[in-house]
Amino acid sequence: MKTDPEIFIRANTSLMTPLHVPEIRLHLADEAHGLWLKTEEELAEIGLPPPYWAFAWAGGQGLARFILDHPHIVASKRVLDFATGSGLVAIAAKMAGAARVVAADIDPWSETAVRLNAGLNQVEVDFIGANLIDCNVEADVLLAGDVFYDSDFAAAIVPWFETLSRQGIAVMVGDPGRSYLPKEKLEFRAVYQVPVTRALEDSEVKKTTVWRFTA
């Protein structure tokens, strides 16, 4: 790693509250930060993968809102936040009373972002950097925000989510209408109009739905 993650994150983000989840503060980037404008080639030069952790995506905001509004989903339970990014959903789960929350992401920069963001919100969130797809997990609830953006990734996680659901794990996803969402395998839970940044999305508000995988 060519750049110290904590120094970089503190220098290239600001403390912000996602508009749909004002209870939570995060280190986020916006149009005022050079990080927003860097190309993948420029990021690679400093040893930085695409910084998904620097933005509060619509699916994660919707899922975090749902968890905060329905704390019984996670209260006193073991929670895994898959592809956590900034840790937004993991933090919401802990704030809603989860017994233990593990944030998982294969991006090593996410670990630092989660640690900083959890500290901002005075909650304890563990982190795992392993690829968990097709693994057994020690959790009662799996949360996943905005994970159906890529066909290959969706093809890998859908059967895994189905297996976990059959094992009795509540698999909850937040999605703003991504192309590879498997609606036929899902049960509707809630819908939100989530304010987002036009530079990230194709509109200023994204209709975001929370679903539960069926067994």
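Quick note: numbers below take in every heavy atom, side chains included, and nothing from hydrogens, waters or symmetry partners.
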Quiz item: Do Trp160 and Phe213 pass the ring pair (Phe, Tyr, Trp, His ring centres under 6.0 Å) test, and can you show the C-alpha distance, the side-chain angles, and the key distance before you say yes or no?
Solution: CA-CA 11 Å; Trp160 180 50; Phe213 259 75; over 10 Å; no

Self-check item: Lys94 side-chain N/O to Ala99 backbone N/O, donor-acceptor pair under 3.5 Å
Solution: yes

Quiz item: Got a donor-acceptor contact below 3.5 angstrom from the Thr208 side chain to the Val194 backbone?
Solution: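 Such a contact is absent between Thr208 side chain and Val194 backbone.
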
Give the cluster check for [X] versus [Y]: same hydrophobic cluster or not, with ILVMFWY residues linked at side-chain heavy-atom distances below 4.5 Å.
X      : Y      : value
Leu80  : Phe127 : no
Val171 : Ile67  : no
Val137 : Leu143 : no
Trp53  : Val102 : no
Ile157 : Leu132 : yes

Quiz prompt | Pair Arg100 + Glu124: basic N to acidic O under 4.0 Å | solution = no

Quiz prompt | Under-4.0 Å salt bridge between Arg10 and Glu6 | solution = yes

Quiz item: Within a radius of less than 6.0 Å around CD of Glu187, do more than 12 heavy atoms belonging to other residues, nucleotides or ligands occur?
Solution: yes

Quiz item: Just wondering, are more than 12 heavy atoms of other shown residues or ligands nearer than 6.0 Å to CG in Leu15?
Solution: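 Result for CG/Leu15: enclosed.
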
Self-check item: Asp146 CG to Leu63 CG distance, which is reported to the nearest 0.5 Å
Solution: 10.0 Å

Exercise. Quick one: pull up CD1 in Ile91 and OG1 in Thr84 and give me the separation to the nearest 0.5 Å.
Key: 7.5 Å

Practice problem: Take the angle between the ring planes of Tyr149 and Phe153 and call it parallel below 30°, perpendicular above 60°, tilted in between. | Solution: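 Judged by the thresholds at 30° and 60°, the geometry between Tyr149 and Phe153 is tilted.
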
Self-check item: Which atom of Leu19 lies closest to which atom of Pro195, heavy atoms considered
Solution: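 Of all heavy-atom pairs spanning Leu19 and Pro195, the closest is CD1-CB, 3.6 Å.
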
Practice problem: Might you point out which heavy atoms bring Pro159 and Ala155 nearest each other, and give the distance in Å? | Solution: CD-O, 3.1 Å

Quiz prompt | Sole candidate of Val79, Asp126, Val114 that passes side chain to side chain contact (heavy atoms under 4.5 Å, CB included) when paired with Val101 | solution = Val79

